[in-house]
Colleague: 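Next up is a structure, given as structure tokens.
Scope of the values below: all heavy atoms of this structure, side chains included, with no hydrogens, waters or symmetry mates.
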Amino acid sequence: MIEYLTEMQQRVLLALYDNDKVTLRKLIELTKSSTAPVNNAVKSLKEWGLVEEIEETGGFPKRRYIKLTEKGKRVVEKLKELYSLIEASS
């Protein structure tokens with residue numbers, strides 16, 4: 001059950017919204033964070049059905065990508081609405 005989204009989970013969701021699919025390394029770069037916090041955020045977001053991992057096997061080495069699910073996209077759109085409301089009221 002989701003009680004709230006942490007700041008890191010929000011940063012991961014927002015980074016994925018602006019980038020179709022990314023590797024974990026790229027996601028760490030986009031969120032300006034390190035491996036453990038991003039891995040933990042991705043793990044929780046996967047459990048909640050907000051992101052998914054895709055493995056592309058066409059080349060070597062295999063690449064794993066992380067991307068938003070449709071549910072994840074809807075959550076990010078609501079987050080962006082909330083941020084807009086907060087900015088508008090200040």
Colleague: Hey, could you give me the CD1/CG distance between Ile28 and Leu24, rounded to the nearest 0.5 Å?
Modeller: 4.0 Å
Colleague: Would you list the pairs meeting side-chain hydrogen bond (donor to acceptor under 3.5 Å, both in side chains) in which at least one residue belongs to residues 30-44, sequence neighbours left out?
Modeller: none
Colleague: What's the verdict on side-chain contact (heavy atoms from CB on, under 4.5 Å) for Val75 and Leu5, showing C-alpha distance, side-chain angles and the deciding distance?
Modeller: CA-CA 10 Å; Val75 167; Leu5 291 170; 4.1 Å; yes
Colleague: If you round to the nearest 0.5 Å, how far is CG of Leu30 from CG of Leu16?
Modeller: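 It is 8.0 Å, given to the nearest 0.5 Å.
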Colleague: Where do Val51 and Val42 come nearest, in terms of heavy atoms and distance?
Modeller: CG2-O, 3.8 Å
Colleague: Roughly how far, to the nearest 0.5 Å, is the CD atom of Glu70 from the CD atom of Glu52?
Modeller: 9.0 Å
Colleague: Nearest 0.5 Å please: distance from the NZ atom of Lys67 over to the CG atom of Asp20.
Modeller: 5.5 Å
Colleague: If you round to the nearest 0.5 Å, how far is CG of Leu50 from CD of Gln9?
Modeller: 8.5 Å
Colleague: Partners of Lys80 by side chain to side chain donor-acceptor pair (under 3.5 Å), sequence neighbours excluded?
Modeller: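 Lys80 satisfies side chain to side chain donor-acceptor pair (under 3.5 Å) with no residue once adjacent residues are dropped.
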Colleague: Might you point out which heavy atoms bring Leu14 and Tyr83 nearest each other, and give the distance in Å?
Modeller: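 Closest pair (atom of Leu14, atom of Tyr83, distance): CD1-CE1, 3.8 Å.
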Colleague: So which atom in Gly49 and which in Thr69 form the shortest heavy-atom distance, rounded to 0.1 Å?
Modeller: O-OG1, 2.6 Å
Colleague: Is there a side-chain contact (heavy atoms from CB on, under 4.5 Å) between Thr23 and Arg64 once you walk through the steps?
Modeller: CA-CA 6 Å; Thr23 61; Arg64 287 181 29 209; over 6 Å; no
Colleague: Where is the tightest heavy-atom contact between Trp48 and Tyr4, given as atom of each residue plus distance?
Modeller: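 Between these two residues, the closest heavy atoms are CH2-O, 4.2 Å.
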Colleague: Val12 and Ala41: which non-hydrogen atoms are nearest, and at how many Å?
Modeller: CG2-CB, 3.9 Å
Colleague: Quick check on the hydrophobic clustering: are Tyr65 and Leu45 connected, directly or via other members, by side-chain heavy-atom contacts under 4.5 Å?
Modeller: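 No; tracing contacts between hydrophobic side chains, which count when under 4.5 Å, never links both residues.
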Colleague: Using a strict threshold of under 4.0 Å (side-chain N to carboxylate O), is an ion pair present between Glu53 and Lys21?
Modeller: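 Salt bridge flag = no for Glu53 with Lys21.
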Colleague: Find out whether Gln10 and Leu79 are in side-chain contact, i.e. whether some heavy atom of one side chain is under 4.5 Å from a heavy atom of the other.
Modeller: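 A side-chain contact exists here, since the closest heavy-atom pair is under 4.5 Å.
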Colleague: Pair Glu29, Arg25 - check salt bridge (Lys or Arg N to Asp or Glu O under 4.0 Å), show working.
Modeller: CA-CA 6 Å; Glu29 181 184 313; Arg25 182 179 306 233; over 6 Å; no
Colleague: Got a salt bridge between Glu77 and Lys73, using NZ or NE/NH1/NH2 to carboxylate O under 4.0 Å?
Modeller: no
